[in-house]
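So the structure is just underneath, and the comments pick up after that.
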Number of protein chains: 2
Amino acid sequence: MAESLLDIAEVAERSGLAPSALRFYENRGLIASAGRNGLRRTYRPDVLERLALIACARGAGFTIAEIARFLLATPDDTKLRAHMAKKARELEEDIARLTRMRDGLHHASMCMHEPLVECPDFKRTFESSATLTPSPGR
Amino acid sequence: MAESLLDIAEVAERSGLAPSALRFYENRGLIASAGRNGLRRTYRPDVLERLALIACARGAGFTIAEIARFLLATPDDTKLRAHMAKKARELEEDIARLTRMRDGLHHASMCMHEPLVECPDFKRTFESSATLTPSPGR
DNA sequence: CTGTGACTTGAAGCGCGCTTCAAGTCAAGG
DNA sequence: CCTTGACTTGAAGCGCGCTTCAAGTCACAG
């Protein structure tokens, strides 16, 4: 009945992560193994969904610790909900910044200014962000 | 005539960066000082624009080395242009990921599933990203 | 029973982006 | 002239997210 469990190597291959990374995640509470086959960790197939979520979150700039907190969330944890909502708002800013950067790069990749960084159009892309977000960490 | 130059402390305060970070950036070729007043670095005011650009690029996931390369770009550097265009495309993916994450978080912040991570709507947000981008680095 | 070889562990190491530190230097004020 | 104090330097240190390493253990093939 334990036939559907995945070996760590299998999870590593399917997820594109190194086994060491999986152990690291387990250590940090992001994933749980379903048991062992000898010394080998085995995982339930749904760990792959979990890993996809983690990859997405990591790519969105969340730290391992933050992800761990979010994964433990229950509906009555209002503090955490607030934290999530705040993060969602921060993501809006990040998206705006990435969009600006993308536009700037796109322009730069075909602008003829020498050097490119002096191009007024290019500069204009960034002037709205003159004052930094005093964001802690990141 | 050098009246308009800014002292490093002034630049630090206005940009929100630590003086050590400014020295670090100078060391890496991201900015240049206009000279010294005694030992003290002085900068032309336009360094602030430059720093805003750098902050934006950093926030968009560029490494210091990448930014340095981009800042030296000239219109005839076709390789670098290609690199820029590629980066712009990668940013599209990043934006998509951040958007998904934002939507997921937004939903999670008011979903009633116990635990939140098991919510099917929440999961659906990420299922499209089942296979990881095998992006190097980041 | 004996290899083989992929896993296990905890600890150390690495690359990045700075920060901190020890030791030194300078401009300005008294 | 001497002190003050913010700067200077190069080098070391730090936090994060893993990776690598040395040493050990297990399942399975022969």
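In what follows, chains carry the letters A, B, and so on, assigned in the order in which the sequence lines appear, proteins first and then strands, with residues in each chain numbered from 1.
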Using heavy-atom distances to pick each residue's nearest nucleotide on DNA chain C, tell me which of B:R28 and A:P19 is more 5'.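 Its nearest nucleotide lies further toward 5', so the answer is A:P19.
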Before you tell me yes or no, could you show the steps for B:F122 and A:L53 under side chain to side chain contact (heavy atoms under 4.5 Å, CB included), namely the whole-Å CA-CA distance, both residues' side-chain angles and the distance that decides it to 0.1 Å? CA-CA 10 Å; B:F122 183 68; A:L53 165 58; 3.9 Å; yes
If you compare every side-chain N and O of [X] against the phosphate oxygens of [N] (OP1, OP2), does one of them come in below 4.0 Å?
X     : N      : result
A:R36 : C:dA6  : no
A:R58 : D:dC18 : yes
B:R40 : C:dC26 : no
A:Y25 : D:dG17 : no

Output yes when B:E90 and B:K87 qualify as a salt bridge under the 4.0 Å nitrogen-oxygen rule, no when they do not.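 B:K87 and B:E90: salt-bridged.
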For the pair A:D103 and A:R100, find out whether any cationic side-chain nitrogen is under 4.0 Å from an anionic carboxylate oxygen. no
Could you state the [atom1]-[atom2] distance from [X] to [N], rounded to the nearest angstrom?
X     : N      : atom1 : atom2 : value
A:I67 : D:dC16 : CD1   : C1'   : 12 Å
B:I31 : C:dC18 : CD1   : P     : 11 Å
A:R23 : C:dC7  : CZ    : P     : 9 Å
B:L51 : C:dC18 : CG    : C1'   : 15 Å
B:Y43 : D:dC7  : OH    : C1'   : 11 Å
B:D7  : D:dT8  : CG    : P     : 8 Å
B:N37 : C:dC26 : CG    : C1'   : 9 Å
A:I54 : D:dG17 : CD1   : P     : 12 Å

Taking the side chain of [X] as heavy atoms from C-beta outward, which of [options] is closest to it?
X     : options               : result
B:S20 : C:dC7, D:dT8, C:dT20  : C:dT20
B:F24 : D:dC18, D:dT8, C:dC18 : C:dC18
A:I64 : C:dT8, D:dA27, D:dG17 : D:dG17
A:A21 : D:dT19, C:dT8, D:dC7  : D:dT19
A:L39 : C:dT8, C:dT19, D:dT9  : C:dT8

Scan B:R41, B:E26, B:R23 and name whichever one has a side chain to side chain donor-acceptor pair (under 3.5 Å) with B:S33.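 That would be B:E26.
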Base, sugar-phosphate, or nothing for A:A65, non-hydrogen atoms under 4.0 angstrom?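 Answer is nothing: A:A65 stays at 4.0 Å or more from every strand.
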Apply side chain to side chain contact (heavy atoms under 4.5 Å, CB included) to A:L48 and A:L6, showing your working. CA-CA 10 Å; A:L48 293 171; A:L6 303 174; 4.0 Å; yes
